[in-house]
Amino acid sequence: MPSPDPNASCLGHDMNGHDTPAADPAPCAEAAPATPASVAPVRVIAVASGKGGVGKTSVSVNLAMSLVMAGRRTLLLDTDLGLANVDVMLGLSPRFTLADVIAGRCELADTIIEGPGGLWVVPAASGKRHMTELTPAQHVGLVHAFSQLDLPIDTMVVDNAAGIADGVLTFCQAAQDVIIVVCDEPASVTDAYALVKVLSRERGVTRVQVLANQVGSPQEGRHLFEKLERVSARFLDVTMSYLGAIPRDEWLRRAVQRQEAVVEAFPSSPSALAFRDVARRASQWQVPQGPRGHVEFFLERLVTPARSAA
Ligand SMILES: Nc1ncnc2c1ncn2[C@@H]1O[C@H](COP(=O)(O)OP(=O)(O)OP(=O)(O)O)[C@@H](O)[C@H]1O
């Protein structure tokens, strides 16, 4: 059973019941002024896992919401084109989805809905089998469609489908950073390794961040990372960094049932604190400086500064 008063930190108390200064809004809203999107490149973070059910969508939703709470103008893109669930997790009712864009029924901009706290969401389509069978060209087309979006965002979080299908690889390749979510199950570690292997060997991805989810202790998270890192260092040309761990948390399950992000519903729960820490670290990653020579989200915005400097 979760301990009582998970919202305490927003109300001036921390998880242990200690008073926190009322004037200090952290950790509910960290101050991080965003730069104008017209000149700043968009940071794109892809979240993937290999194995399904490890908590990828929970991570995407809560990372995106934490970034919004920290002042980032954030778009959450659901690319799980067969079993979408970002909208369900946030209690949203989309009128259009990516399926309508692909079918030519609407523009990409028409699918964008405003979620909690001003988070923008592009929903996918659930239960549409043909959506999982897009051609590689259609995946690349989707990536490029985002370059045309006139939306003042500085960060985009991409929730991927499970597995190592072409779409997952393309969306990860097109992002500047890839977060691999793992949990303490042999199949999760094996499938995460398989995903990193194809990303590295077939798509030229050279670095990934590893986030351990549903851990029983911080040591468990670190241990999981080391397992994955050891075998990757031997066989792959990829730099793996440890992003941290999200504890197994009953409050997160409750938030899922309420169709809310745990960082909003229960901001001082253990998982919410961990998500905000991950978002704080992700905000400090180096901003990409220019195109890297292959398909990527927001290529236009990335090349704009170079053009105007010429
Ligand atoms: N840290 C956590 N603590 C407790 N429960 C969690 C945690 N992370 C995820 N879960 C639970 O695990 C289940 C699966 O999570 P989620 O849907 O985010 O996984 P997924 O990897 O996106 O799954 P899929 O591959 O099916 O899309 C959810 O019911 C969620 O409540």
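In listed order, ligands and their atoms are each counted from 1. The first residue of the sequence shown is numbered 1, and numbering continues consecutively from there.
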Would you mind listing every salt bridge (charged side-chain N to carboxylate O under 4.0 Å, His left out) that reaches into residues 226-242, with sequence neighbours excluded?
none
Under-4.0 Å salt bridge between Asp191 and Lys51:
no
Under 3.5 Å, is there a donor-acceptor pair between the Arg248 and Gln214 side chains?
no
Would a distance-only check, ignoring hydrogens and angles, find a side-chain to backbone donor-acceptor pair under 3.5 Å from Glu202 to Leu199?
no
Indicate the ring-plane relationship of Trp251 and Phe266, choosing parallel, tilted or perpendicular according to the 30° and 60° boundaries.
tilted
If you look at each N/O of ligand 1, which protein N/O atoms lie under 3.5 Å away, and at what distance?
| from | atom 1 | to | atom 2 | distance (Å) |
| --- | --- | --- | --- | --- |
| ligand 1 | 1 (N) | Asn213 | OD1 | 2.9 |
| ligand 1 | 1 (N) | Pro247 | O | 3.0 |
| ligand 1 | 3 (N) | Asp249 | N | 2.9 |
| ligand 1 | 8 (N) | Asn213 | ND2 | 2.9 |
| ligand 1 | 18 (O) | Thr57 | N | 3.4 |
| ligand 1 | 18 (O) | Ser58 | N | 2.8 |
| ligand 1 | 18 (O) | Ser58 | OG | 2.6 |
| ligand 1 | 19 (O) | Gly55 | N | 3.0 |
| ligand 1 | 21 (O) | Gly53 | N | 3.2 |
| ligand 1 | 21 (O) | Val54 | N | 3.1 |
| ligand 1 | 21 (O) | Gly55 | N | 2.9 |
| ligand 1 | 21 (O) | Lys56 | N | 2.9 |
| ligand 1 | 22 (O) | Lys56 | N | 3.4 |
| ligand 1 | 22 (O) | Lys56 | NZ | 3.4 |
| ligand 1 | 22 (O) | Thr57 | N | 2.8 |
| ligand 1 | 22 (O) | Thr57 | OG1 | 2.9 |
| ligand 1 | 23 (O) | Gly53 | N | 3.1 |
| ligand 1 | 25 (O) | Gly53 | N | 3.0 |
| ligand 1 | 25 (O) | Lys56 | NZ | 3.3 |

Answer whether the closest heavy-atom distance between the side chains of Tyr242 and Gln209 falls below 4.5 Å.
no
